[in-house]
Amino acid sequence: MKSVGLGIALTALAGTVHAAELGAVDEPIKLAVNEWTGQHVTTHVAGEMLKAAGYNVEYVTAGYMNMYQAMTDGELHAALEIWSSNVSEEYAKHIDAGGVTELGDLGLDAKEGIAYPSHVAEMCPGLPAWEALKECAQNFATAETLPAGRLVDYPADWGTPGADRMTGLELPFKAVPAGSEGALIAELRASTERKSPLLITFWQPHWAMSAYDVQFVELPAGEDACFTDASWGPNPNAVNDCDFAPTRIFKASWSGMEDKWPAAFEILSNYTLDVADQQPMMGAVDVDGGSVEDVVAAWMAENEGTWRPVVDAATK
């Protein structure tokens, strides 16, 4: 999964939320753990909040694309980071059948787009506006791309979203696929250390967004018509003349959770997480080698004033 400042955006609704019963505290609440570090962080923060409320919590490894049947069956009780950009059809089926209940947005500002390290703005006056790239493309040129500028795109097996946008917006850049996610990170590191020009296809949440102070180019909004109707957008002769489609990240639970653990249901419904908090924790795991448990425990200890009110609003 495509995978700074503290201050988690946990929705503390103490003035409007009434305390709920804890329910079956003798039975564990099983939280789905999926395949990427950010989701591990998200889930463990939520789990530690539930523990603080008095619940038993189990972290259960689950396949992201097929966990919804287990939720319907009550074998898993909540999934805390579901991405609309690649949610499976199984999710909609179980929502419609009533076995899974959506708990609202997680609050992560997920985004894919064309990006650059912040120092590059000095090399291309007018950034972050996309039109600026028309005039400064030569500053990004390499022997491989002359006379066009170079865009480092996603690895080839991820598709060609960067190339699609260079074509759609008629920008004088040649997209060169990176070999891997690691190669994308190496490009960001080298550009930051050398203060060299770089245009790159990237995404957030990702720890590198904060580690290397990466900014997104402001493109026309990624509306559905942009991808199907050439007449839409600034280029009347092409599709993809816009940003990536917006991605929503949300939470869901087993439909029986509200009755069995009312306060837990309330806590998870009101739980949100900000990119500015998640990304450094991801970096502490993926770059610094910390365990998810230790990194989240340290965050919880240092920021009790920001998550405790959500727990208290649901339990007191």
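Side chains included, hydrogens not; waters and symmetry mates left out as well; all remaining heavy atoms used.
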Measure across Gly47 and Val57 and return the closest heavy-atom pair with its distance rounded to 0.1 Å.
O-CG2, 3.6 Å
Quick one: are Val41 and Val295 in side-chain contact, heavy atoms under 4.5 Å?
no
Mind telling me whether Tyr212 and Trp207 have parallel, tilted or perpendicular rings, with 30° and 60° as the class edges?
tilted
If we count only N and O atoms by modelled type, under 3.5 Å, do the side chains of Asn303 and Thr306 hold a donor and an acceptor together?
no
Can you name the closest pair of heavy atoms from Pro246 and Ser84 and give their distance?
O-OG, 4.5 Å
For Arg150 and Thr145, which heavy atoms make the closest approach, and how far apart are they?
CB-CG2, 3.7 Å
Side chain to side chain, Glu58 and Ile29, heavy atoms closer than 4.5 Å:
no
May I ask you to test the Phe216-Glu112 pair for a side-chain heavy-atom distance under 4.5 Å?
no
Could you pull out all residues at least two apart from Glu304 that satisfy side chain to side chain donor-acceptor pair (under 3.5 Å)?
Arg308
If you define the side chain from C-beta out and look only at heavy atoms, does anything of Asp153 sit under 4.5 Å from Pro161?
yes
Check this for me, if you would: do Glu131 and Lys134 make a salt bridge, where the nitrogen-to-carboxylate-oxygen distance has to be below 4.0 angstrom?
no
Any donor-acceptor N or O pair under 3.5 Å, side chains Glu35, His40
no
Are the side chains of Lys30 and Trp254 in contact, using a 4.5 Å heavy-atom criterion?
no
Are any side-chain N or O atoms of Ser253 and backbone N or O atoms of Ala78, one a donor and one an acceptor, separated by less than 3.5 Å?
no
Cluster overlap Met65 with Val60, hydrophobic side-chain contacts below 4.5 Å
yes
Residue pairs, two or more places apart or on separate chains, that pass disulfide bond (SG atoms under 2.5 Å apart) and touch residues 164-200:
none
Parallel, tilted or perpendicular, as decided by the 30° and 60° cut-offs, for the rings of Tyr91 and Tyr68
perpendicular
To the nearest 0.5 Å, what is the distance between NZ (Lys195) and CE (Met123)?
8.5 Å
Nearest heavy-atom neighbours spanning Tyr271 and Met49
CD1-SD, 3.9 Å
Can any side-chain N or O of Asn235 pair as donor or acceptor with the backbone N or O of Asn237 at less than 3.5 Å?
yes
Pairwise distance CE(Met257) to CG(Leu103) - rounded to 0.5 angstrom
7.5 Å
Can you tell me how far apart OG (Ser196) and CG (Asn139) are? Round to the nearest 0.5 Å.
12.0 Å
Run the salt bridge (charged side-chain N to carboxylate O under 4.0 Å, His left out) test against Lys93 and tell me which residues pass, sequence neighbours left out.
Glu90
I'd like to check Met281 versus His44 (side-chain heavy atoms, cut-off strictly below 4.5 Å). Are they in contact?
no
Does Gln39 reach the main-chain N or O of Asn34 with its side chain, forming a donor-acceptor pair under 3.5 Å?
yes
Gln69 and Asp73: side chain to side chain donor-acceptor pair (under 3.5 Å), yes or no, with the steps?
CA-CA 6 Å; Gln69 183 64 57; Asp73 294 341; 3.0 Å; yes
How many angstroms lie between atom CG of Asp109 and atom CG of Asp274, to the nearest 0.5 angstrom?
8.0 Å
For the residue pair Gly63 and Asn66, what are the closest heavy atoms and their distance?
O-OD1, 3.1 Å
Do Glu144 side-chain atoms and Ala141 backbone N/O form a donor-acceptor pair below 3.5 Å?
no
Test ring-ring contact (aromatic ring centres under 6.0 Å, His included) applied to His77 and Trp261, Tyr55, Phe265, the passing residue
Trp261
Straight-line distance of Ile95 CD1 to Ser255 OG, nearest 0.5 Å:
9.0 Å
Could you work out the complete set of other residues in the hydrophobic cluster of Phe140, with links drawn between I, L, V, M, F, W and Y side chains under 4.5 Å apart?
Ile114, Tyr116, Val120, Leu127, Trp130, Leu133, Leu151, Met166, Leu169, Leu171, Phe173, Leu199, Val217, Leu219
Tell me, do Ser191 and His119 make a side-chain contact under 4.5 Å, heavy atoms counted?
yes
How long is the span from the CG atom in Leu273 to the CD atom in Gln279, to the nearest 0.5 Å?
10.0 Å
Provide the full list of salt bridge (Lys or Arg N to Asp or Glu O under 4.0 Å) pairs with a residue in residues 239-261, sequence neighbours left out, each pair given once.
Glu27-Lys260, Glu102-Arg248, Asp105-Arg248, Lys111-Asp243
So which atom in Pro205 and which in Ala110 form the shortest heavy-atom distance, rounded to 0.1 Å?
CD-CA, 4.1 Å
Do Val25 and Leu268 sit in the same hydrophobic cluster, where Ile, Leu, Val, Met, Phe, Trp and Tyr count as joined when their side-chain heavy atoms come under 4.5 Å apart?
yes
Does one side chain, of Thr42 or Glu81, offer a donor that lies under 3.5 Å from an acceptor on the other?
yes
What do the steps show when you test Glu181 against His206 for side chain to side chain donor-acceptor pair (under 3.5 Å), and what is the final call?
CA-CA 11 Å; Glu181 179 181 346; His206 195 291; 2.8 Å; yes
Would you check if Thr201 and Tyr154 make a side-chain contact, meaning some heavy-atom pair closer than 4.5 Å?
yes
Hydrophobic cluster membership, with links at side-chain heavy-atom distances under 4.5 Å among I/L/V/M/F/W/Y: are Ile185 and Val176 in one?
no
Donor-acceptor list for residues 221-231 side chains, cut-off 3.5 Å, not counting sequence neighbours:
unit_1	atom_1	unit_2	atom_2	d
Glu223	OE1	Trp232	NE1	3.4
Asp229	OD1	Ser231	N	3.0
Asp229	OD1	Ser231	OG	2.6
Asp229	OD2	Ser231	OG	3.1

